[in-house]
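The chain is numbered in sequence order, starting from 1. What's counted below: heavy atoms across the whole structure, side chains too, no hydrogens, waters or symmetry copies.
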Amino acid sequence: RAYYLLLSGSGASPTPFLSDGWRNTYMEQENDWDRDLLLDPAWEKQQRKTFTAWCNSHLRKAGTQIENIEEDFRDGLKLMLLLEVISGERLPKPERGKMRVHKINNVNKALDFIASKGVKLVSIGAEEIVDGNAKMTLGMIWTIILRFAIQDISVEETSAKEGLLLWCQRKTAPYKNVNDGLAFNALIHRHRPELIDYDKLRKDDPVTNLNNAFEVAERYLDIPKMLDAEDIVGTLRPDEKAIMTYVSCFYHAFSGAQKAETAANRICKVLAVNQENEHLMEDYEKLASDLLEWIRRTIPWLENRAPEKTMTEMQQKLEDFRDYRRVHKPPKVQEKCQLEINFNTLQTKLRLSNRPAFMPSEGRMVSDINGAWHKLEGAEKGYEEWLLNEIRRLERLDHLAEKFRQKAAIHESWTDGKEAMLTQKDYETASLSEIKALLKKHEAFESDLAAHQDRVEQIAAIAQELNELDYYDSPSVNARCQKICEQWDALGSLTQSRRESLERTEKQLESIDELYLEYAKRAAPFNNWMEGAMEDLQDMFIVHNIEEIQGLITAHDQFKSTLPEANKEREAIQAIQAEVQKIAQYNGIKLAGNNPYTTITPQSIDKKWEKVRSQLVPQRDQALQEELARQQSNDHLRRQFANQANMIGPWIQNKMAEIGRISIEMNGTLEDQLTHLRQYEQSIIEYKPNIDQLEGDHQLIQEALIFDNKYTAYTMEHLRVGWEQLLTTIARTINEIENQILTRDAKGISQEQLHEYRTSFNHFDKVRNSFPCLTLCEMDLNKGDAEFARIMGIVDPNNSGAVTFQAFIDFMSRETTDTDTADQVIASFKILAGDKNYITAEELRRELPPDQAEYCIARMAPYTGPDAVPGALDYMSFSTALYGESDL
């Protein structure tokens, strides 16, 4: 009666509430469907029309409708279809037979579904529906309407029918005298004032007023006309169930607008977060691609081991490598650190917005970048070692090549003219004394030849070593060595041939000068000794430390100690020549030319001796002292580098330990911790000049070609890696605190809670700032495998095998935090779609902002369900994809 007084066209005033007596009477009527009582014909007519229109408003979504309510529901098929449409759930498969038992079974399935929703079906059985009992059919439809259209209505603290009445009273309260058919017009005008000019309605024409409201609702609000104005005005007491059904359609139509706005706002919020995250993902992908591309280009350069021919070219390669170390690599170290920070920040934002963890494209994971970086550093280390070894090799080659040229030049100078001497026929016209002299001379030559055998072997050995060390000019060295060896073999053959000739003639000649012979025999070895000494004194030397140069100085001093004995031998040889002159002068012998047994003259011996004593020995002394000074300077550079490195190395280790201790203790608020860590980071950065100074000392050592340092175990490479790790560790620790602040602010975690989380985390922490996943099992041993799998999917989405403190905070706080879910987004889209299983582009553009509407249209897949229409979009798969439950 309250609905009738409020919304009918009678002249009664609206009743703002229901009396207890009327409410009890109404509930008794509602719950007691007496099959023996007859339904008021006027009410039955109104119920038929209203309930039929209500059913058709839902069945049209499935592409069908009913004409006769008690006939069309008899087989149970459309009844089951109606329940599926209004509930959104699937009922058991209906039976398609035409027999009565099939129809009863279908109706029972529908009634069982209604009962499963908590509805008591009093006096309503499947047989009555199959038999077309109008009263039972209308009662059943009213039960469905009450359950699915009215029961969930909630206004303030009232629900269902009372909530619907209170909603009508609240909405029409601003309007005076809403009788005479004005109540329906007031409801429409309150929500859609542009559809009705309320002030022009006539209060004395209720039929016109009601028809106006019904036509506007049908045309603009998609509410089918369920009652005739004449039935309401002309009936003393219209059927309240019909009126409640009609009014509930207005409630759902108008309350849907507010739900649509709320749903649109929720979708906008979700899409905004998703768009921001996609932008961050794109930035990460680009930065990762650029860094990997740089590494890809750099590694082949570092792996190139093509040697150069000269020291100058190799030193240029070394300078290029130093330029790479100083200029090109440091910015990439910063980019790598920033990339890890961006990745951690993005993962934190995704966790806070209940999104799946970001998985970079294949080959661009942080682990992939770290692997590529490790490969780069391996190539870098190998390249530097190769450069230094190649420089040593070229240095050794230059020394050997110069030594080969000196020995070859000395040998070639000695062999010059020897073949002509050995092939001359002077013995054919010589006297006996001359023949004897020639023979003795030849013996001296053989002695000289044997003395030169060692030099030829040295030349061949040096040439062989140059070939083994891959000397670039090996062909010319081999050709020269081959020529010397062939000439040496020829000299041996010619020497043997001349001896045979002289010995054959010796029998005819007997004069021999013993003094000349003795001179030649003693002068030749002494001359060879001097030539060897001159060669040794002019020989190049390479040393790498003070001990080696001191060994050379000692050897040189020993050589100088033999000079007095050598001088006695020289004087003895010169005395032989003096005795020859004395005997010749005494006997009046006119000597014919030089000593026939040797080409070594006293003058040449004196000249070589003077060169050794006055020139080569002092030069050797000076060269050795200069090298001693250079090695002392190198030793100073080693000590200077070692002193600085031995301070910086422990300093870096201590700082790393302090950072680990600070990250575990974490006293004070997060902001205090962040401030303290940034101050600590600044103090570390201020230590950079010491690293730069050490780099300068290291460069001086490399420029001096110093390859070892016995005063320290630290190398520049170790210190560089330690410094980079120190900077990366403090940056990661600061980023962790920043992410904790983001989590705290987003989750509403207090400082006390955060401290409690840190204490719990430190209890399980086996390594700093992450503990093994197995430890998490210890937190609740009663949970099953499925629950553990769910927890691990949250705290370790990348299956790394460890749980970070940030993931631990998320896990501890997310259970009490209300976040968006895929089901909520699907429900919001369903409201925008008018309860359909799909949505159209027009509906998205009408309800959402333009940019987010186009975002959805571009990403939603076409809807392929049985009720699809052209242009239908699948919002369900789109919503689950937003939360990683499916693919877009």
Please name the pair of heavy atoms, one in [X] and one in [Y], separated by the smallest distance, quoted to 0.1 Å.
| X | Y | value |
| --- | --- | --- |
| N106 | G76 | CB-CA, 4.0 Å |
| H102 | G97 | ND1-CA, 3.0 Å |
| V178 | A186 | CG1-CB, 4.2 Å |
| L91 | A110 | CD2-CA, 4.3 Å |

Test your reading of the model: is there a side-chain donor-acceptor pair from [X] to the backbone of [Y], 3.5 Å cut-off?
| X | Y | value |
| --- | --- | --- |
| E71 | G132 | no |
| E847 | L832 | no |
| N209 | D205 | yes |
| R147 | K117 | yes |
| Y175 | N185 | no |
| T64 | L59 | no |
| N277 | L346 | no |

Taking it one step at a time, do I153 and Y251 satisfy side chain to side chain contact (heavy atoms under 4.5 Å, CB included)? CA-CA 9 Å; I153 295 175; Y251 170 83; 3.4 Å; yes
So do the side chains of [X] and [Y] get within less than 4.5 Å of each other, counting heavy atoms only?
| X | Y | value |
| --- | --- | --- |
| R355 | K349 | no |
| D228 | F214 | no |
| I141 | K241 | no |
| I223 | E218 | no |
| F184 | V247 | yes |

Taking only Lys NZ, Arg NE, NH1 and NH2, and the carboxylate oxygens of Asp or Glu, determine whether R74 and E70 approach each other closer than 4.0 Å. no
Pair K103 + D131: basic N to acidic O under 4.0 Å: no
Going by the angle between their ring planes, with limits at 30° and 60°, are [X] and [Y] parallel, tilted or perpendicular?
| X | Y | answer |
| --- | --- | --- |
| F829 | Y875 | parallel |
| H58 | W54 | perpendicular |
| F878 | Y855 | perpendicular |

Test side chain to side chain contact (heavy atoms under 4.5 Å, CB included) on R96 and L77 and set out the steps. CA-CA 8 Å; R96 296 295 180 180; L77 295 177; 3.6 Å; yes
Of N133, V107, T137, which is the lone residue that meets side-chain contact (heavy atoms from CB on, under 4.5 Å) with E128? N133
